[in-house]
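Beneath this line is the structure, given in structure tokens, with notes to follow.
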Amino acid sequence: MSPFLDLPPLSAAQFAAIEDKVAALLHTTADVIITQGEALLPLEAAIRGAAHPGSTALNIVTGPYGQTFGNWLRGCGAEVVDLVVPFDGAAGAEQVARVLAVEPGIDFVSLVHAEAATGNTNPVAEIAAVVREHGALLMLDAVASVAAEPLLTDEWGVDLCVIGGQKAMGGPAGVSAVSVSDRAWERIAANPAAPRRSYLSLLDWKERWTDAGRTALPHAPAQLEMLALDACLDRIAADTLDATIARHRAAAAATRAGVRALGTLTPYVHRDEHAAPVATTLRTPSGLHAAELAGRLDPALPVQAGGGPLAAEMLRVNHYGTAAALDTVQSVLTALAAALPGTDADRAAEAAAAAWSAAVATS
Ligand SMILES: *Cc1c(COP(=O)(O)O)cnc(C)c1O
């Protein structure tokens, strides 16, 4: 008797209620569309909905996803200005303001909030303020920040905010969501190149679902993923969002402090305020290949080498979801100490515990 089989179909009312819970999590009163696929689906849908020949986009690249967004934007015929920031830091609002000042035609900005792959996070409130003043639409990839750090969609002026369930929310992969502001709907509706009668069409969802009163679902929803998303939203509400965020912050602080006490490895992201709460990236010294080191660790630990060219020099500790816990951080530090001669496991454990307590106390 599998609990995953023979379920009654998910009703429109259930689907709408889950959308409303996501809206509350994002602190938005805008429409939220839940998309039946991984988070790249709403990210691509948002870009294809807003971009077109004749538009100019500012693509802020602080990790690997920015590259993907730039390719989609160019594929839509938009002019693209890439602002590439070193992956060991963060984009700054002044930098963004300078680009906007010399490129007055920019009408769309894509930004990643936290970068799970490179371990940095960007000051969205400040960047969004200059984007709003310029009058451009802002698309935010908040897949790795939702539930790990504050995400104030409406207060910040984020027009298209994309999330997925599988990172800090501790929920399912394969279902995702995007909030769409009124300004964004106007722009997408006015875009003749925006997808229609397409799996990538946000307008289809607006017409057939949102504007139709959310009483009849246009497609059979991915039922297991929706139920899992609902359960993880309820768990975050029960634990409280603040406590979930605090746990992720503490995991990052503990990992950084523990690694500093351990020696040999250094936090890849230099400044604590630029470090993402969802994952901590570490730099290996020259002569120590990160993928080789990762290969010597217990595969059950949430540690992997950086992607692509970063595999030589970057180790990534994924402390999100249930892994945002002191005992997970301690297990990673213990394993690293055992793999790295001359490092002091006890000192690292003490530093991590102290940083965890301090971070929780100030949340
Ligand atoms: C994980 C992640 C994604 C991709 O999410 P999928 O659901 O795997 O498509 C996109 N952006 C960021 C910042 C991520 O961390």
Side-chain angles (χ1 to χ4, degrees), residues 22 25-26 32-48 59-73 84-85 87-91 109-124 127-128 138-151 153 158 160-179 199-200 202 222 224-226 228-229 232-233 244-245 248 251-252 268-269 274-281 302-308 310 314 316-324:
V22 171
L25 186 70
L26 299 187
V32 165
I33 307 282
I34 292 187
T35 38
Q36 309 285 299
E38 63 167 304
L40 287 176
L41 170 65
L43 287 164
E44 183 173 354
I47 285 180
R48 295 201 184 279
N59 182 40
I60 303 170
V61 182
T62 55
Y65 288 103
Q67 199 101 45
T68 303
F69 302 163
N71 291 338
W72 286 334
L73 288 161
V84 182
V85 177
F87 297 173
D88 55 10
V109 176
S110 48
L111 173 69
V112 176
H113 189 182
E115 298 272 9
T118 44
N120 42 344
T121 190
N122 292 299
V124 177
I127 293 172
L138 177 62
M139 180 192 85
L140 185 69
D141 174 349
V143 177
S145 61
V146 63
E149 51 193 303
L151 177 57
T153 305
V158 176
L160 294 151
C161 188
V162 174
I163 65 153
Q166 78 272 33
K167 300 263 169 71
M169 290 174 71
V175 67
S176 48
V178 55
S179 71
Y199 206 63
L200 285 169
L202 296 176
L224 290 173
E225 285 75 8
M226 290 300 291
L229 179 62
C232 100
L233 288 160
T244 308
I245 289 172
H248 284 84
Y268 196 90
V269 176
H274 294 164
V278 77
T280 298
T281 47
V303 183
Q304 66 189 101
L310 297 170
M314 181 191 280
R316 166 179 164 194
V317 184
N318 296 313
H319 39 67
Y320 54 73
T322 53

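If you read the sequence from its start, that first residue is 1, and numbering goes on from there. Counting starts at 1 for both ligands and their atoms, following the listed order.
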Pro64 vs Thr118 side-chain heavy atoms within contact, under 4.5 Å = yes
Quick one: do the Asn122 and Thr62 side chains pair a donor with an acceptor below 3.5 Å?
-> yes
First-shell residues of ligand 1 [heavy atom, distance under 4.0 Å] = Glu38, Ala39, Leu40, Tyr65, Val112, Ala114, Ala116, Asp141, Val143, Ala144, Gln166, Lys167
Less than 4.5 Å apart, any side-chain heavy atom of Leu160 and any of Leu140?
-> no
Kindly determine whether Gln36 and Tyr199 satisfy side-chain contact (heavy atoms from CB on, under 4.5 Å), including the steps that lead there.
-> CA-CA 9 Å; Gln36 309 285 299; Tyr199 206 63; 3.7 Å; yes
Assess whether side-chain hydrogen bond (donor to acceptor under 3.5 Å, both in side chains) is satisfied between Glu115 and Thr121, documenting all intermediate values.
-> CA-CA 6 Å; Glu115 298 272 9; Thr121 190; over 6 Å; no
Quick check: does any side chain N or O of Thr35 sit under 3.5 Å from a backbone N or O of Ser176, one acting as donor and the other as acceptor?
-> yes
